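Notes follow the structure.
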Amino acid sequence: MFEKVLIANRGEIALRIHRACQEMGIRTVAVHSTADAQAMNVRLADETVCIGPPPARGSYLNIPAILSAATITGADAIHPGLGFLAENADFATAVEEHGFTFIGPSPEHIRLMGDKVRAKAEATRLGVPVVPGSPEAVRDIAEAERAARAIGYPILLKASAGGGGRGMKRAGDAAELARMLPLAQAEARAAFGDGSVYLERFLDRPRHIEVQLLGDGKGGVIHLGERDCSLQRSHQKLLEETPSPALDPAAREKLTGLAVAALRALGYKSAGTMEFLYQDGAFYFIEMNTRLQVEHAISEMVSGVDIVREQLRIAAGMPLAYRQSDIVLRGHAIECRINAESSEDFSPSPGRVSEYHAPGGFGVRVDSALYQGYTVPPYYDSLVAKLIVHGESRDDCVTRLRRALAEYVIGGIDTTIPLHQRLVDNPEFCAGAYDIHWIERFLARGGQ
Ligand code: MV4
């Protein structure tokens, strides 16, 4: 096992990784920007290196600074966390070329899944159903119209280098397609430096369901069930749950079976998530994330598997600690993402945390780097805490969540806690009856 791991991230996820390392007897190196010198993950790390100024480009995205920090401290391995460099294949390659272990998938798998057109083609080859669409990026209007006619309107334009919903455009007919194609291409070029765009059949009311997977790189692959991530605003997830209220055991078995078989055929290594849209009883693969995800903790709560610990073991060349038959998915778990934002208009709310009291008790987990007196800097993602609750049934879980939200005190900044309190009191949410559009309507009527 590694003796020293450098954690190339910040905030709650850096702390989450630090905790797994500590429990495994691994020393940690925290790298941080000048804005994060007082952060809890920095305070708890065994060693710290300041790698640059507040803007991420100079610090958390600064590859030479991170590699220098690893060299100076004598780290064996680098965990990229999530966001920042986690899905940068060039970073993974550079880490290995400098003699460190990258705690994540192979650069080839990161690169493959980063190209959404190639990822879909690979999924199809591996027997995973995908949304009907153009098999390749379209070059011009004529090609786009030909593809759209074959797929059927309405269609959705997506960036090949994209993901996460940026630059998507819907077109209901050929005239709209002709207007939208150049817009989509320009947006894709601006956002990703690559203007390639492909087409998909537009699904009008899907749920977003993803499968948590772990591979050992030698064909050993297990799943930890699915997560329903349909509650998102502007492609930012608000609340996730497992299992999905929409799946019965047969559908779950089919979905997880397809995902495991695909990653086994790829020889996938480390944690990964296959994302699907689910509508009218059918699954369609859309993307794969080759990283640890924010919402990994709900899968940990129902499975009892420490996903970060498994990532560390796998990266060190050890076999998976579990066979699929060892995994029992028990009860229900929900995560509320608590952001330093107004729960009314979602405007950022950085600043000093004047009061802090986290909830606790049976079945409650809080992953957060907050503490009383800490100042949330304005430069980064607004996620400041994850409240994760486990219960025997979905109803028990929601009841416990209501109780935990009521206990949570975060003073001095605005947070999304009041929004979650309104959400868990909503009868449709309580019935699990939502798709990806439901939250927009909930927010439009003032969160009632
Ligand atoms: C779609 C779709 C409808 N039809 N693809 C948005 C994020 C990206 N990962 C995929 N996304 C979508 N792809 C087809 N063919 C609708 C969405 C979508 C969405 C998906 C998941 C969760 C929330 C969403 C909100 C709006 C649109």
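We're numbering straight along the sequence, starting at 1. Counting convention: from 1, in listed order, for ligands and their atoms alike. These numbers were taken from a predicted model, which means no experiment stands behind them.
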Next on the checklist: Can you classify the ring geometry of Trp438 versus Tyr434 as parallel (below 30°), tilted (30 to 60°) or perpendicular (above 60°)?
Outcome noted: tilted
Checklist entry - Going by atom types alone, do Asp36 and Tyr60 pair a side-chain donor with an acceptor below 3.5 Å? => result yes
Item to check | Side chains of Ser349 and Glu341, donor plus acceptor under 3.5 Å | outcome: no
Checklist entry - How far apart are the C-alpha atoms of Asp396 and Ser393, what are their side-chain angles, what is the distance that settles it, and do they pass the side chain to side chain donor-acceptor pair (under 3.5 Å) test? => result CA-CA 5 Å; Asp396 291 345; Ser393 67; 3.3 Å; yes
Checklist entry - Looking at Phe429, does the NZ or CZ of Arg394 lie under 6.0 angstrom from its six-membered ring centre and within 45 degrees of the ring axis? => result yes
Checklist entry - Tell me, which residues have any heavy atom less than 4.0 Å from some atom of ligand 1? => result Val131, Leu156, Lys158, Gly164, Gly165, Met168, Glu200, Arg201, Phe202, Leu203, His208, Gln232, His235, Glu275, Leu277, Ile286, Glu287, Ile436
Next on the checklist: A cation-pi test, strictly: NZ or CZ of Arg233 under 6.0 Å from the centre of the six-membered ring of Phe346 and no more than 45 degrees from its axis. Yes or no?
Outcome noted: yes
